[in-house]
Each structure stands twice: as structure tokens, then as C-alpha cells.
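Shown next, in C-alpha cells, is the structure this report addresses.
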Amino acid sequence: MNKKEQYKQLLEFAEEASKNSYSPYSKFKVGAAVLCEDNKVFCGTNVENASYGLSICAERSAVFTAVSNGCKKIKAIAIYNKNGDISPCGACRQVIAEFAKDAYIIYNSKKSGLKIIKISKLLPNSFKMD
Ligand code: THU
């Protein structure tokens, strides 16, 4: 399987995860799938709360699941919403950058199909302690 096929498959995992979205307030279902260095995949979805600020995005949900399962190096993360063109929010970019020096962000663009962008392009100069 080449890289593009692998990313398409990752986006399918993200689509599947979006079906578990708990988003009764926004009605905006998002799924994310993280591809780890050892090729394991971990998924997440957005989980909202009646106290709005406690809600978590699909991307952070997926990254925290990956880390909780022993993966600290991310190769790619795919993000799915049925309307496409969903690129991660600022908070999620910072969280992704923590575990991914050169990871690729994958999502579906209505205009141009599969979009593949490096996290360093989406978040140049991410905050680091060193
Ligand atoms: N959301 C995500 O899960 N990922 C994003 O990249 C943007 C927004 C969620 C948060 C909230 O549950 C809903 O989408 C609407 O903002």
C-alpha cells in the first residue's frame, strides 16, 4: 500500500469514528484517526458536555488515546467531518505538534480531494519547553 492509499484508509477510520460523536449541542460530528510510528491506528471523536467548555475535539481525543496506549510518535492524523475541509483548531495543533515533528494532517477537501499538510506548516513555531 502506498502513502496515499494509507492516508485514504486512515480517513476511513476517522469517518467510522465520527459515527460515535457525542455532539448533541453543535450537531457537528468529527472523527480522527492517528497513525503511529509502529503503524498502529488509534481513533477518537468529539465529546461535548452540557458545560460547553469541557467538550473535547476529535483530534485531541484520538491523540490522547494513542498516548494512553503507548504511542508517543505520530506519523499522521486524519480528520473527518461529512462536509469536508476540516482542519484542526489551534489547541489541537499544539497537542499534535507535541507528538509529531513532521506529521501529516489529512482531511478531505471538497475542491481538491485528499489534503495532506504537514503540522509544521499549520503551526509554525509551536510552543516547546526546550
Ligand atoms: N471539533 C472537533 O472535534 N475538531 C475540530 O477540528 C473542530 C471542532 C468539534 C468541537 C465541537 O464538539 C464541535 O466540533 C463544534 O465546534
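For this chain, numbers begin at 1 and follow the sequence in order.
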Sorted by chain and residue number, the salt bridge (Lys or Arg N to Asp or Glu O under 4.0 Å) partners of Glu98 (sequence neighbours excluded) come out as none
Return the minimal non-hydrogen interatomic distance between [X] and [Y], and the atom names on each side.
X: Lys75; Y: Asn39; result: NZ-OD1, 2.7 Å
X: Ser61; Y: Gly44; result: OG-CA, 3.7 Å
X: Cys92; Y: Arg60; result: SG-NE, 3.2 Å
X: Ala66; Y: Val34; result: CB-CG1, 4.0 Å
X: Pro88; Y: Glu59; result: CA-OE2, 3.3 Å
X: Ala76; Y: Ala103; result: N-CB, 4.3 Å

[X] [atom1] to [Y] [atom2] distance, which is reported to the nearest 0.5 Å:
X: Ser18; Y: Asn46; atom1: OG; atom2: CG; value: 9.0 Å
X: Gln9; Y: Met1; atom1: CD; atom2: CE; value: 4.0 Å
X: Asn81; Y: Glu15; atom1: CG; atom2: CD; value: 10.5 Å
X: Arg93; Y: Ser126; atom1: CZ; atom2: OG; value: 12.0 Å

Using a distance-only test with no angle check, is there a side-chain donor-acceptor pair under 3.5 angstrom linking [X] and [Y]?
X: Lys110; Y: Asn83; result: no
X: Lys19; Y: Ser21; result: no
X: Ser112; Y: Ser109; result: yes
X: Thr45; Y: Asn20; result: no

Ile79 vs Val30, side chain to side chain contact (heavy atoms under 4.5 Å, CB included): CA-CA, chis, key distance, verdict: CA-CA 7 Å; Ile79 307 147; Val30 187; 3.9 Å; yes
[X] vs [Y] side-chain heavy atoms within contact, under 4.5 Å:
X: Val95; Y: Phe64; result: yes
X: Ser120; Y: Asp102; result: yes
X: Tyr104; Y: Leu35; result: no
X: Ser55; Y: Val47; result: no
X: Glu48; Y: Pro24; result: yes
X: Ile116; Y: Tyr7; result: yes
X: Ser51; Y: Asn49; result: yes
X: Cys57; Y: Cys89; result: yes

Assess the residue pair Asn108 and Leu11 against the criterion (side chain to side chain contact (heavy atoms under 4.5 Å, CB included)); give the C-alpha distance rounded to whole Å, side-chain angles, the decisive distance to 0.1 Å, and a yes or no. CA-CA 8 Å; Asn108 213 39; Leu11 200 57; 3.9 Å; yes
Picking from Leu123, Ile86, Ile77, what satisfies side-chain contact (heavy atoms from CB on, under 4.5 Å) with Ile105? Ile77
Step by step, work out the side chain to side chain contact (heavy atoms under 4.5 Å, CB included) result for Lys73 and Cys36. CA-CA 6 Å; Lys73 279 188 183 154; Cys36 299; over 6 Å; no
Hey, quick one: are [X] and [Y] part of the same hydrophobic cluster, counting side-chain heavy atoms closer than 4.5 Å, chains of contacts allowed?
X: Phe42; Y: Val63; answer: no
X: Leu122; Y: Leu114; answer: no
X: Tyr52; Y: Phe28; answer: yes

Applying side chain to side chain contact (heavy atoms under 4.5 Å, CB included), run through Ile106 and Lys115 and close with a yes or a no. CA-CA 6 Å; Ile106 319 293; Lys115 244 340 202 181; over 6 Å; no
Distance flag, aromatic centroids of Tyr107 and Tyr80, threshold under 6.0 Å: no
Does atom CG of Asn125 have more than 12 heavy-atom neighbours from other groups under 6.0 Å away? no
Polar side-chain atom of Gln94 near backbone of Ala91 as donor-acceptor pair, under 3.5 Å: no
